[in-house]
Amino acid sequence: MTAPTATAAQTASALAWARRRSSVARFWRSYRTHRAGLFGLGALAVIALVALAAPLLAGSDVQSVTNAPGAALESPSAEFPLGTDQFGRSLLGLLVWGARISLTVGLMAAALSVAIGTLVGIVAGHFGGWFSTVIMRITDWFLVMPTLVLAIVLATVMSRSVWTVILAIGVTTWPTTARLVRAQTLAVESRPYIERATALGGGHGHIMTRHVLPNVMPLVLAQTTLGISNAILTEATLAFLGLGDPDVVSWGGMLQDAREAGAVSSGHWWYLAPPGIAIALVALAFTLCGRAVELVLNPKLGVSNR
């Protein structure tokens, strides 16, 4: 590569990065005008920091049943602010550790679901014809089937682990994303510059990755943030039904333990309330963030941010 060519390539790269930084700055300026989105983002930042600092805040032995520091089902006190479970473990410590699993499952399951849906949607929208018809009929079958039932079936027939839960959620929640991305792909490919790219020799891979994918990414990003809350709720439901990983602590697993310990009938509200509130708060925070992202990336919705 000659010196002028190398300089031109470096200049093009610098311009591309400058445009990306400018886009991120514009996105943040618009995002911070949405108070609900800022609240959700702040809540998620606090919860993420608590989850990362779990070994420092709660200790590494908080999950131990044999070395539990308290008596069974103690009510909230100065020593145990949220009380104890049926083994005498601190519920506050378990709640902190459970944030790790719930956030991890939510993020990874949503990412898997959106990745599958994006791939299916772009391929179906780009190729069209009988191939698209077959793919969308399969998508419709997944769409009309109860997602939770399919996830329960997968979690039942596979080994009980965090990765099984992630896979079960990811492979059953992608149809909505696929339909949205397909519709956006059809809209993008009807534009004149796609015809010009095809006339200049652009192949299928070039069209889908260089022209279609960048245009559907805003929709994919919004769908991801909205899907995380659903994934967290589904993980909590599977854990509550006893289909989660028994070797880790999650908020849904805490609710399942509370049910088995008879917390509902015995009135031990402190066993039920903290994980339930935590699940609701995280789901609400991700929903607020997703809604704000959707409004920023699609101002045509015309919804007030006040």
Can you tell me how far [atom2] of [Y] sits from [atom1] of [X], rounded to the nearest 0.5 angstrom?
| X | Y | atom1 | atom2 | value |
| --- | --- | --- | --- | --- |
| M136 | L143 | CE | CG | 8.5 Å |
| L91 | E74 | CG | CD | 10.5 Å |
| L92 | T84 | CG | OG1 | 12.0 Å |
| L150 | T172 | CG | OG1 | 6.0 Å |
| L103 | F286 | CG | CZ | 6.0 Å |

Checklist entry - Taking ILVMFWY side chains as joined if any heavy atoms are under 4.5 angstrom apart, and letting links pass through other members, which residues group with L284? => result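 Noted: L284 shares its cluster with F39, L288.
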Checklist entry - Under a single-linkage rule joining Ile, Leu, Val, Met, Phe, Trp and Tyr whose side-chain heavy atoms are separated by less than 4.5 Å, which residues share a cluster with F87? => result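 Its cluster partners, ordered by chain and number, are V65.
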At their closest point, which heavy atom of [X] faces which heavy atom of [Y], and how far apart are they?
| X | Y | answer |
| --- | --- | --- |
| R32 | R29 | CG-O, 3.4 Å |
| A51 | A99 | CB-CB, 3.9 Å |
| T139 | A178 | CG2-CB, 4.2 Å |
| A43 | A285 | CB-CB, 4.1 Å |
| A292 | G37 | CB-CA, 3.7 Å |
| P69 | G88 | CD-O, 3.6 Å |

May I ask whether [X] and [Y] are part of the same hydrophobic cluster, defined by side-chain heavy atoms of I, L, V, M, F, W, Y residues being less than 4.5 angstrom apart, directly or through others?
| X | Y | value |
| --- | --- | --- |
| V24 | V296 | no |
| V96 | L56 | no |
| L82 | Y271 | yes |
| V50 | L52 | no |
| L233 | L226 | no |

Checklist entry - If you draw a 6.0 Å radius around CZ in R191, do more than 12 non-hydrogen atoms from other residues or ligands fall strictly inside? => result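 Atom CZ in R191 is crowded, with more than 12 foreign heavy atoms closer than 6.0 Å.
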Item to check | Sequence-distant partners of H268, ring pair (Phe, Tyr, Trp, His ring centres under 6.0 Å), two or more places apart | outcome: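 Once residues adjacent in sequence are excluded, the partners of H268 under the ring pair (Phe, Tyr, Trp, His ring centres under 6.0 Å) criterion are W270.
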Item to check | Pair R26, S22: side-chain N/O donor-acceptor within cut-off below 3.5 Å | outcome: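 Side chains of R26 and S22: pair found under 3.5 Å.
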Item to check | C289/L44 under side chain to side chain contact (heavy atoms under 4.5 Å, CB included): CA gap, chis, key distance, verdict | outcome: CA-CA 9 Å; C289 289; L44 290 178; 3.7 Å; yes
Checklist entry - For W163 and L167, what are the C-alpha separation, side-chain angles and deciding distance, and is it a side chain to side chain contact (heavy atoms under 4.5 Å, CB included)? => result CA-CA 6 Å; W163 295 109; L167 183 63; over 6 Å; no
Checklist entry - Hey, are the side chains of V188 and Q184 touching, using non-hydrogen atoms and a 4.5 Å cut-off? => result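 They are in contact (side-chain heavy atoms under 4.5 Å apart), so the answer is yes.
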Result block: side-chain N/O donor-acceptor pairs under 3.5 angstrom for residues 257-265, not counting sequence neighbours:
from : atom 1 : to   : atom 2 : distance (Å)
E260 : OE2    : Q256 : NE2    : 2.7
S265 : OG     : G262 : O      : 3.3

Item to check | Verdict with supporting geometry, V171 and L154, side chain to side chain contact (heavy atoms under 4.5 Å, CB included) | outcome: CA-CA 9 Å; V171 300; L154 288 176; 3.3 Å; yes
For [range], which residue pairs pass the side chain to side chain donor-acceptor pair (under 3.5 Å) check, not counting sequence neighbours?
| range | value |
| --- | --- |
| residues 88-99 | D85-R89 |
| residues 144-161 | S161-T164 |
| residues 103-112 | none |

Checklist entry - If only atom types and distance count, is the side chain of S190 paired as donor or acceptor with the main-chain N or O of A187 below 3.5 Å? => result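 Yes, S190 side chain to A187 backbone: donor-acceptor pair under 3.5 Å.
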Checklist entry - In a check of side chain to side chain contact (heavy atoms under 4.5 Å, CB included) between L148 and each of V153, L238, I169, which one passes? => result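 So, applying the side chain to side chain contact (heavy atoms under 4.5 Å, CB included) to L148 and each of V153, L238, I169, only L238 qualifies.
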Side-chain atoms of residues 109-131: list all donor-acceptor pairs with protein atoms under 3.5 Å, sequence neighbours left out, distances to 0.1 Å.
from : atom 1 : to   : atom 2 : distance (Å)
S113 : OG     : T173 : O      : 3.0
S113 : OG     : T173 : OG1    : 2.9
S113 : OG     : W174 : N      : 3.4
T118 : OG1    : V114 : O      : 2.7
H126 : ND1    : E189 : OE1    : 3.4
H126 : ND1    : E189 : OE2    : 2.5
H126 : NE2    : H204 : ND1    : 2.7

Throw together a table of side-chain donor-acceptor distances under 3.5 angstrom for residues 248-255, partners on residues two or more places apart or in other chains.
from : atom 1 : to   : atom 2 : distance (Å)
S250 : OG     : E235 : OE2    : 3.3
S250 : OG     : G253 : N      : 3.1
W251 : NE1    : L95  : O      : 2.9

Can you give the donor-acceptor pairs under 3.5 Å from side chains of residues 213-224 to other protein atoms, not counting sequence neighbours?
from : atom 1 : to   : atom 2 : distance (Å)
N215 : ND2    : Y193 : OH     : 3.1
N215 : ND2    : H211 : O      : 2.5
T224 : OG1    : V220 : O      : 2.8

Item to check | Under the side chain to side chain contact (heavy atoms under 4.5 Å, CB included) test, residues paired with A273 that sit two or more places apart | outcome: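 Here the qualifying residues are W269, I277.
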Next on the checklist: Does anything in residues 174-188 form a salt bridge (charged side-chain N to carboxylate O under 4.0 Å, His left out)? List the pairs, not counting sequence neighbours.
Outcome noted: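 Applying salt bridge (charged side-chain N to carboxylate O under 4.0 Å, His left out) to every pair that reaches into residues 174-188, excluding sequence neighbours, yields D140-R179.
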Item to check | Derivation and outcome, side chain to side chain contact (heavy atoms under 4.5 Å, CB included), residues I228 and I232 | outcome: CA-CA 6 Å; I228 293 173; I232 290 175; 4.0 Å; yes
